[in-house]
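Everything on this sheet refers to the single structure shown next.
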Amino acid sequence: MSSFDDSDAFEAASAASLSARAMAARAMPHLDGLNPAQREAVEQMEGPVLMLAGAGTGKTKALTARIAHLLATGTARPNEVLAVTFTNKAAREMKNRIGALMGQAVEGMPWLGTFHSICAKLLRRHAELVGLKSNFTILDTDDQKRVLKNLLSVNSVDEKRHPPRWVSSFIEQCKNNAWTPDKVPAANDLELWCDRIFDQSTLAEAPNVYEFSRRNPDSGAVGRHIIMASTIYAQYQTRLRELNAVDFGDLLLHVIRIFQENDDLLAQYQRWFRYILVDEYQDTNVAQYLWLRLLAQGHSNICCVGDDDQSIYGWRGAEVGNILRFEKDFPGAKVVRLEQNYRSTGHILAAASGVIEANKGRLGKTLWTDGDDGEKVRLIGHWDGEEEARWIGEEIESMGQGTRGMDPIGPNDIAILVRASHQMRAFEDRFLTIGLPYRVIGGPRFYERMEIRDAMAYFRVVVSPDDDLAFERIVNTPKRGLGDKAQATIQKMARTNGVSLLDGARLAVETKALSGKGLKELTRLVDQIGHWRALMQGGLRQVGPVDDLIEEDRPTIDALSHIELAEVILDESGYTAMWQNDKTPEAPGRLENLKELVKALESFENLQGFLEHVSLIMDNEADDHEPKVTLMTLHAAKGLEFPAVFLPGWEDGLFPSQRSMDESGLKGLEEERRLAYVGITRAEKVCTISFAGNRRVYGQWQSQLPSRFIDELPEAHVEVLTPPGLYGHQGGMAASASPVAEMMRGSDLQEKAARADVYNSPGWKRLQQNQGRFGMRQPSEAKNVTIDAEAISAFSVGDRVFHQKFGYGEVISVEGDKLGIAFDKAGEKHVVGRFVVAADAAGDVPF
DNA sequence: AAATTATACGTTTTT
DNA sequence: CGTATAATTT
């Protein structure tokens, strides 16, 4: 875990490299099983190398083999290799695989990690060069938003028109592009409207506010006042410095600035990192590119691995241009293409290739395989989204039995990949009713949950008493009667004395700036924090003026373990009690999460180490053992593979997403197409694409057209399926119904023409001919499966029950193992009995 | 200060 | 339609 405790990594690494050199004489097992292209990429150690690695071509294998080769040949010591990834998961996997290749010989690679963790490490060493202390805190999006909200209101910005998260994404965009506040191009800057009109005297006191001469289209008023977004950005940076804090983008930018302003230091690191490797290079943004270029200058021993066809993060600043430009940026670069695919069948590869070929300006690769053609990509249309979910559910069940001579495929080997997370709901609903276990990847992350963040804010206050944001978060959580008024008093006290909020609170207590209950509660909180701090450090116990909480009056105390300390903090602060007293359905889960948090502390030496880890590592691999179908977005699926993949919702507007096309035009469409390519290439054996003719969008029923990507699937590699149980309804329900529906909605002519044209497209005609009918049918009343006499429900009508997702409710019908339940909050649902528990037991059952 | 009602809005997401 | 925030009430 500890890419951070590198203090003696150098020593350890040097020792390790001796044995590495010794190994050079011996065989090199890491080269075994590499194909010629992979081997070339591994053995070309000097100079710039671009490894263009298509989906499933053994990219990680080649990358790890290359590192192993550098070490095994004694070309580099472990601490001289800088290997950067985007995610912690990727870093972890690489570490494991290198370990497996090298045996125990290499202790660790201190500079293998994410861009952010490596930058955090560098910045802690040199923080003072950018005016920070080395114990700076790393803000998450929530903290950022709070800082920004404050700035916006101070500047009278109209928060209705420019919500904090909007300004926050502006700043993020600037940082992705390595624009400091003074370097924001005028064309990219934004005018933020003020929420009031200044008069001459107030305007004089607001130096950043300008008169905006254009007419306000809303009110018709002239003389609106504005402030530039880059000005807010500048203030934001100042504020972060005051807080001794950085955001994620700053980790990169501060390090870049340090390198740019300190030639000697840069030279030192250039000498130190003799070999640089970068994973997922197509996802790098401008800042990351600059960072890499600074470090690679000189030796140019940089190996970038990526696939321009899998660049799907343009919307968050990734520059495909970086990978397309590589040979220009690094003259003499060797380009190696990995094109042999070890993952998917021939039909699947051919279908994926057919789709991606429609993109322009690719570096170009042709995937091929030694393996079987396998089954064709399957394509199926449904009446609506619910039927699509129903069909996929049944298909998954039959895959479990093994269909058409294929080996059974269990839930763990199946994934459903959607374009947008809201598509998951239809599947969740369906799977819940048929009792198909599933797992959703990519929901709210563990460390982003409210209770976890609250708990960590307590830890932060104890670890660093001047962490104002953390103090602000916990001062009235749980409710202590310290509302806006009390907090304003504390703020004022802190500001006028130039101290932290905690010290401000201490002063407020001493000077009795508050009264009654507020004073008592604040006194207690301040004393408690002092007490916890003492528990952390050990030694003489601090004796507060009003210290009625601490029962024993020991003059000295021993330092508690950080785990005990965490428990004490959560307990004494009343935070645990707050959730125990909470009657909402999510309260038991939150308590469970808190327990998990404390458990997670075990793998750390102290609270500081834990907090550093958490601020950079936001992933939480749930370790459940039950086989489950995976439900996730296409974005989340990159890098993964499954024997069977379902790709539902291939409808124009949904996928490709209308918004992408509107906002980014052809570029956006091409990125969507790459997403389609990523989706198809996740499948090893079976890939099933589907669409619905009708779908509910924001509550309104809308007729949908099959995705244009469906037309791009090469016919020879696609098999069109027809759902079972069809009767009547000859062909092309959507073809006839949709345009009519379109006209009734009175959309403009151009759009109608464009849409009508789809029906003349070769792909659609082909499908019509091939199928005769396309599986469109009226939704038959879904008859629920007959009652299994063996299945005796543990519940009866009238029982109070609790459900993990829907909360509390009352059983209103029982049909075999299926229950009809009227939920208090979620309405009426049909659910399989094993997903609910008797309501009185809900409090004790850890889900 | 909590509970309730109104209203706006509605990809993709890691660090 | 459903959720998440804001505004309003009690």
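Here is how names work: the chains are called A, B, and so on, in the same order as the sequence lines, proteins then strands, and each is numbered from 1.
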Provide, to the nearest angstrom, the distance between the CD atom belonging to A:Glu663 and the C1' atom belonging to B:dG10. 13 Å

By the 4.0 Å heavy-atom rule, please label A:Ser657 as base, sugar-phosphate, or nothing. base

Could you tell me how far B:dT12 sits from C:dT5 if I compare only their C1' atoms? Round to whole Å. 22 Å

Mind checking ring pair (Phe, Tyr, Trp, His ring centres under 6.0 Å) for A:His635 and listing every partner two or more places apart, or none if nothing turns up? A:Tyr313, A:Trp315

Would A:Lys121 count as a cation-pi partner of A:Trp111, with NZ or CZ less than 6.0 Å from the six-membered ring centre and within 45° of the ring normal? yes

Could you point out which residue of A:Glu280, A:Arg674, A:Lys638 forms a side-chain contact (heavy atoms from CB on, under 4.5 Å) with A:Gln310? A:Lys638

Quick one: label A:Phe86 by what it contacts on the DNA or RNA (base, sugar-phosphate, nothing), any heavy atom closer than 4.0 Å. sugar-phosphate

Verify stack between A:Trp315 ring and B:dT12 base, 5.5 Å, 30 degrees: yes

Those residues that, when tested against A:Phe115, pass ring pair (Phe, Tyr, Trp, His ring centres under 6.0 Å) (two or more places apart): A:Phe86, A:Trp291

Has A:Thr433 got a side-chain atom pairing as donor or acceptor with A:Arg430's backbone, closer than 3.5 angstrom? yes

How close or far is atom P of B:dT12 from atom CZ of A:Phe655, stated in whole angstroms? 13 Å

Tell me the interatomic distance from A:Ile138, atom CD1, to B:dT14, atom P, rounded to whole angstroms. 17 Å

Output the rounded distance in Å from NE2 (A:His635) to C1' (B:dT15). 16 Å

Integer-rounded Å distance: B:dA1 P and A:Glu521 CD: 12 Å

By side-chain contact (heavy atoms from CB on, under 4.5 Å) - contacts of A:Glu641 (at least two apart): A:Arg343, A:Glu684

Taking CH2 from A:Trp166 and P from B:dC9, how many angstroms apart are they, rounded to a whole number? 13 Å

Go through the structure and list residues passing ring pair (Phe, Tyr, Trp, His ring centres under 6.0 Å) with A:Phe709, not counting sequence neighbours. A:Phe655

Would you say A:Asn88 places a side-chain N or O within less than 4.0 Å of OP1 or OP2 belonging to B:dT14? no

What residues form a side-chain contact (heavy atoms from CB on, under 4.5 Å) with A:Lys479, not counting sequence neighbours? A:Asn476

I want to verify a distance call: between B:dT13, B:dT12, B:dT14, whose nearest atom is closest to the A:Thr87 side chain? B:dT14

Salt bridge (Lys or Arg N to Asp or Glu O under 4.0 Å) contacts touching residues 109-119 of chain A (sequence neighbours left out): none

Look at the side chain of A:Thr633 and decide which nucleotide, out of B:dA1, B:dT15, B:dT13, has an atom nearest to it. B:dT13

5'-most by nearest nucleotide on DNA chain B - A:Met661 or A:Glu172: A:Met661

When you measure from the side chain of A:Tyr313, which nucleotide among B:dT12, C:dC1, B:dT13 comes out closest? B:dT13

Separation of B:dT12 C1' from A:His422 NE2 (nearest whole Å): 10 Å

Listing time: all N or O pairs from protein to nucleotides 3-10 of chain C that are below 3.5 Å?
{"from": "C:dA7", "atom 1": "OP1", "to": "A:Lys160", "atom 2": "NZ", "distance (Å)": "3.2"}

Would you indicate what A:Glu672 reaches in the nucleic acid, counting non-hydrogen atoms under 4.0 angstrom: base, sugar-phosphate, or nothing? base

Going by side-chain contact (heavy atoms from CB on, under 4.5 Å), name the residues that satisfy it together with A:Met578, two or more places apart in sequence or in a different chain. A:Thr477, A:Pro478, A:Tyr575

When you get a sec, tell me which of C:dC1, B:dT15, B:dT14 is the closest nucleotide to the side chain of A:Thr114? B:dT15

For nucleotides 3-7 of chain B, print each protein N/O atom paired with a nucleotide N/O atom at under 3.5 Å, atom names and distance only.
none

Mind calculating the distance between CZ (A:Arg161) and P (B:dA8) to the nearest angstrom? 14 Å

